[in-house]
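All values reported here derive from a predicted model rather than from experimental measurement. In each ligand, atom 1 is the first atom listed, and ligand 1 is the first ligand listed.
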Amino acid sequence: MEEKMSSKELEDLYFMKAFGRDLKIVKGSGSYVWDENGKKYLDCVAGIAVCVTGHCNPEVVDAICNQAKELIHISNLYYVPNQGELAKKVVEMTGIKGARAFFSNSGAEANDGAIKLARIRTGRKNFVAFVDGFHGRTLGSLAVTHKPAIREPFDPLEPKCTFVRYGDLNALEKAVDENTAGVFVEGIQGEAGIVPAPEGFYEGVRKICDEKGALMICDEVQSGMGRTGKWFYYQHTGITPDIVSIAKGIASGLPMGAIVARDGLTFNPGEHGSTFAGGPILCAAALTTIKIIEENLPLISEKGKMFMDGLSAYSPRGMGLMIGIPAGDEERSHKIAEICRKNGVLVNCASHATIRIVPPLTISKEEIKEAVSVIDGAFKETA
Ligand SMILES: *Cc1c(COP(=O)(O)O)cnc(C)c1O
């Protein structure tokens, strides 16, 4: 008789080996998740900066269920319930006058949309992006993603992209030319290990883009949706981007992304589209997510400061609830994450041996104290 296999065993046998993982989470509520054995964790990973309203936020669950009972899918041949309302809201959040939004199914697809839009409206073909920058894994977004280990096996990729050192305006000046459609930039490099832009960097990128007629494309997939204490990172600077890409937190965990582009940068009929993107359930979830973030936005800097102050001995960097702590080397970084997990707190290891902390934006001060104490303990234990 065949024995019933666990879903872990089934994955090991039947699922492509694209991920290395061992923990199975089966339930979430607020800032906490539970594994298959009932062990509870305070989740400072939040689906990698996705579960911004906490796990299974009841208002979001209601919005999803109510919309699912009305209309699940209708296609782009017809107006989509709530899509106009969401587009207005997202455009207002960006603060870009006369802008328009377009929805996608992910961050990578948002950046693919930005690539297409920049190419078709500027008539130029090439891009410039930064060393250690991450913009996604579709063929287009991968072409502007730096990490050679994940990009080079898939060469040749389109579009042609030149990578310059993050923060280096002189190198950028040289790299951007009359064939550059756009410059992709993160204000805080997320996957690289929460690396904030140097002072004045965004203003410098803006100036070079203006001088050379290239579009400044701000990838806010990780830093956006309130994570840094404002809706988008660039709002801490003096500049306005030409295109903003958004995803991760926008719909509390449902697959959605967006681009917002300034006045005059729009797709015309037939130039872009997607079967599922911006569907009714996604729009309903996103509108409710935005309402909840709005309520939490004034508290985010203070919450971030609690992490920063509590862990100041270990040189944390970042902004708001997007925090990275250098662990020195990969071995210690993994050891720290493992000890935190054992003690009931989930954190994740980003590049450059960084402990990444990107909890739900709704995390409470009590929960932050609990997280800080466990993370502090893990740094001490591995010192
Ligand atoms: C996660 C991420 C992406 C890719 O988003 P997906 O939804 O995984 O395609 C792009 N840019 C940045 C900055 C990200 O953090």
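Note on ring orientation: taking the six-membered ring where Trp is involved, the planes of H236 and Y233 are tilted (angle from 30° to 60°). Under the 30°/60° scheme for interplanar angles, the aromatic rings of Y166 and F201 are found to stand perpendicular. By the 30° and 60° cut-offs, the orientation of the rings of W34 relative to Y32 is tilted.
Backbone and side-chain nitrogen or oxygen atoms of A247 are examined, and none is located within less than 3.5 angstrom of a nitrogen or oxygen of ligand 1.
Within the listing of ligand 1, atoms 7 (O), 9 (O) sit less than 4.0 angstrom from a heavy atom of S106. Residue-ligand proximity, K248 to ligand 1, at heavy-atom distances under 4.0 Å covers atoms 1 (C), 2 (C), 3 (C), 14 (C), 15 (O). Listed by number with element, the atoms of ligand 1 under 4.0 angstrom from any heavy atom of H135 are 10 (C), 11 (N). For ligand 1 and D219, the ligand atoms under 4.0 Å from any heavy atom of the residue are 10 (C), 11 (N), 12 (C), 13 (C).
With respect to atom 12 (C) of ligand 1, the closest heavy atom belonging to the protein is F134 O, 3.4 Å.
With hydrogens and angles ignored, the 3.5 Å screen pairs no side-chain donor or acceptor of R262 with any backbone N or O of D242.
The protein reaches atom 6 (P) of ligand 1 closely, with a heavy atom under 4.0 angstrom from it.
Both the backbone and the side chain of A108 come within contact range of ligand 1, each with a heavy atom under 4.0 Å. Using a 4.0 Å cut-off between heavy atoms, E186 contacts ligand 1 through its side chain alone, with no backbone atom that close.
You'll find the side chain of M306 reaches within 4.5 Å of the side chain of K365, heavy atoms only. The closest side-chain heavy-atom distance from E173 to E211 is below 4.5 Å.
Geometrically, K39 engages Y41 in a cation-pi contact defined by less than 6.0 Å to the ring centre and at most 45° from the axis.
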